[in-house]
Amino acid sequence: MTEEHQGGSRGWTAARKGVWSWLRFTSLRLRLVLVFGLVALTAAVSASGIAYWLNREAVLTRTQDAVLRDFEQEMQNRAGALSEHPTQDELQHTAGQMANSSQRFGVLLVGEDADGDTVYGSSGGLDGFALSDVPESLRTAVNKEQKLTSANKHPYHLYWQRITDDDTPYLVAGTKVIGGGPTGYMLKSLEPEAKDLNSLAWSLGIATALALLGSALLAQALATTVLKPVHRLGVAARRLGEGRLDTRLRVSGTDELADLSRTFNSAAENLEKRVADMAGREQASRRFVADMSHELRTPLTALTAVTEVLEEELEFEGEGGSFDPMVEPAVRLVVSETRRLNDLVENLMEVTRFDAGTARLVLDDVDVADQITACIDARAWLDAVDLDAERGIHARLDPRRLDVILANLIGNALKHGGSPVRVSVARADDEVVIRVRDHGPGIPEDVLPHVFDRFYKASASRPRSEGSGLGLSIALENAHIHGGGITAENSPEGGAVFVLRLPQDPSPPTDEDVGDGDDGGTGGVPDDGSKGKDAKGQV
């Protein structure tokens with residue numbers, strides 16, 4: 001695929017993601033547009049409905065009043081001039097004259113001739129306006145004689161009604177000639193007015209649609225104006241979360257969003273100051289621990305030499321040694337505490353390397369089973385450890401750091417668990433899995449989450465222990481630097497189980513030739529203080 005095609009594909013993917021994010025109902029932009037649209041649609045439909053109803057009533061009322069006035073006038077002038085018993089020809093002639101008025105409506109006249117027979121006269125001839133076209137309710141109202149009162153001075157009145165025939169609206173009206181004479185009915189088509197009203201309805205509908213579209217565009221513009229600062233705030237918050245504490249927002253205006261931007265900038269500035277202060281304190285603390293550890297190494301070297309001499313004197317005490325029995329316990333305490341202090345200093349130096357990020361791996365291809373055997377044999381643990389590891393499982397690891405991990409895990413199991421301690425090795429995918437299980441009471445559930453914490457004491461009533469409280473923490477850091485990890489749990493059969501997982505080939509590869517200047521030595525020895533032959537006496 002060419003670069004142009006790749007660029008087009010990425011552009012299309014980004015555009016599609018943008019559209020989908022815009023269309024999500026949880027999108028604030030979409031909700032703003034919908035709210036604006038609903039408000040505009042409601043307002044437009046209401047206004048259009050009211051305008052249509054008012055115009056419809058005005059048009060129909062104006063037409064209706066004009067037609068009724070003309071019909072009433074024609075009834076008075078022409079139908080009223082007929083005799084009380086007109087002939088059919090007279091009715092027919094008069095109906096035709098009435099229909100020729102300015103309003104052009106159909107006319108039907110109904111009367112009685114001299115013989116008492118009902119005669120009809122229609123403006124449209126025999127096939128024109130007929131009595132059957134007049135609603136019965138209207139005919140009843142027209143022929144009903146009203147009582148004469150002070151408010152009602154005429155026995156008959158003009159009545160009208162709107163009807164629809166074949167989807168065409170009509171106005172039907174009727175009245176009776178006062179003082180005797182024919183009854184007249186009028187039929188007027190309202191189709192022109194209906195067409196005008198339909199045109200008005202279409203116009204209002206188009207106006208409503210345009211108002212809805214305009215409101216959507218306006219909502220989009222307003223949403224963009226409102227959400228742009230919110231988007232910038234979200235981007236700034238993400239950058240702040242990524243650690244870019246110098247992120248600030250450009251503030252413009254005096255509205256609520258501007259106040260929010262100022263608040264964000266103030267919070268970011270305070271956070272940057274606090275983080276800088278904490279980083280400075282942490283760096284100073286690490287430097288203090290490192291300097292203190294380095295400074296302690298010189299006097300500890302001298303003390304270690306002295307304690308070695310004292311230790312040799314204690315070993316030869318039975319062969320004529322000169323120690324006073326009252327002094328011997330103090331000498332043994334000095335020897336053990338000096339060794340413990342030396343281990344603590346080495347562990348502190350190892351911790352400072354991890355915290356400063358200067359710890360490096362020196363990788364080599366090792367046989368895991370041989371490495372475990374060497375670790376156990378060097379500390380005289382062969383009688384207390386049951387090893388289940390076949391040879392031939394190789395991995396690229398740092399032998400010294402693997403020895404530190406194993407010494408801490410096995411030494412911790414021997415000290416706090418119960419013999420025998422079982423160590424097994426297996427291969428899982430691209431990992432080497434080492435399990436260290438003891439047969440002790442297990443780890444309390446409230447202690448399990450803290451076994452790898454520095455200086456953690458399971459019992460506050462016994463703050464002093466033979467270890468430094470850093471062994472398991474250093475073991476975990478050494479596993480992490482390999483790209484692996486350590487977990488602790490209780491076995492269903494009893495006892496605690498520590499599971500070490502290390503990749504067979506750490507990735508990304510580290511510099512095998514570069515090591516820390518102080519990375520040698522005995523940093524990270526077992527936390528029980530055991531070393532060499534002394535371990536056998538303590539197991």
Side-chain angles (χ1 to χ4, degrees), residues 1-47 207-288 352 354-359 480 483 507-508:
M1 182 179 291
T2 64
E3 294 183 0
E4 291 80 0
H5 289 168
Q6 291 178 349
S9 177
R10 287 194 295 267
W12 166 249
T13 302
R16 184 174 58 184
K17 289 182 179 179
V19 171
W20 277 113
S21 64
W22 193 92
L23 290 178
R24 284 186 296 109
F25 187 72
T26 55
S27 170
L28 183 58
R29 182 188 301 273
L30 178 59
R31 282 184 283 175
L32 283 174
V33 172
L34 288 178
V35 169
F36 269 84
L38 289 176
V39 171
L41 180 62
T42 303
V45 169
S46 301
T208 300
L210 292 177
L212 182 60
L213 178 60
S215 67
L217 296 177
L218 179 61
Q220 170 69 12
L222 291 176
T224 301
T225 303
V226 173
L227 295 181
K228 186 178 293 184
V230 178
H231 175 71
R232 289 201 300 263
L233 180 62
V235 172
R238 283 192 295 271
R239 294 176 63 185
L240 195 65
E242 293 170 356
R244 303 174 66 176
L245 301 180
D246 58 341
T247 302
R248 298 293 185 273
L249 288 173
R250 185 178 70 256
V251 180
S252 60
T254 58
D255 55 7
E256 289 80 359
L257 292 174
D259 292 339
L260 181 61
S261 299
R262 293 189 186 93
T263 302
F264 176 85
N265 289 341
S266 176
E269 184 177 358
N270 292 335
L271 180 62
E272 184 179 16
K273 291 180 179 179
R274 289 180 177 272
V275 170
D277 184 48
M278 292 176 61
R281 292 182 182 181
E282 184 179 4
Q283 186 177 6
S285 176
R286 290 176 181 175
R287 187 183 303 111
F288 171 75
T352 57
F354 285 118
D355 289 344
T358 59
H480 285 168
S507 180

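From a predicted model like this one, the values you see are computed outputs, not experimental measurements.
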* Check the surroundings of atom NE2 in His480: do more than 12 heavy atoms from other residues, nucleotides or ligands lie under 6.0 Å from it? => yes
* To do: Looking only at non-hydrogen atoms, find the nearest pair between Glu269 and Arg248 and report the distance.
  => CA-NH2, 3.3 Å
* **Whether Arg244 side chain and Gly241 backbone form a donor-acceptor pair below 3.5 Å** => no
* Asked: Is it true that atom CZ of Arg262 has more than 12 heavy atoms of other residues, nucleotides or ligands lying nearer than 6.0 Å?
  -> yes
* To the nearest 0.5 Å, how far apart are CG in Asn270 and CG in Leu245? -> 12.0 Å
* **With Leu240, the side-chain contact (heavy atoms from CB on, under 4.5 Å) member among Leu271, Val235, Asp246** => Leu271
* Hey, is the main chain of Leu212 close enough, under 3.5 Å, to the side chain of Ser215 for a donor-acceptor pair? -> yes
* Asked: Side chains of Lys273 and Asp277: does their closest heavy-atom pair fall under 4.5 Å?
  -> no
* If every non-hydrogen atom of Ala258 is compared with every non-hydrogen atom of Val251, which pair is closest and at what distance? -> O-CG1, 3.9 Å
* Asked: At their closest point, which heavy atom of Phe264 faces which heavy atom of Ala237, and how far apart are they?
  -> CZ-N, 4.0 Å
* Asked: What pairs with Arg232 under side chain to side chain contact (heavy atoms under 4.5 Å, CB included), at least two apart in sequence or on another chain?
  -> Lys228, Pro229, Leu249, Arg250
* Structure fact -> dist Asn265:CG -> Thr247:OG1 (nearest 0.5 Å) comes out at 10.0 Å
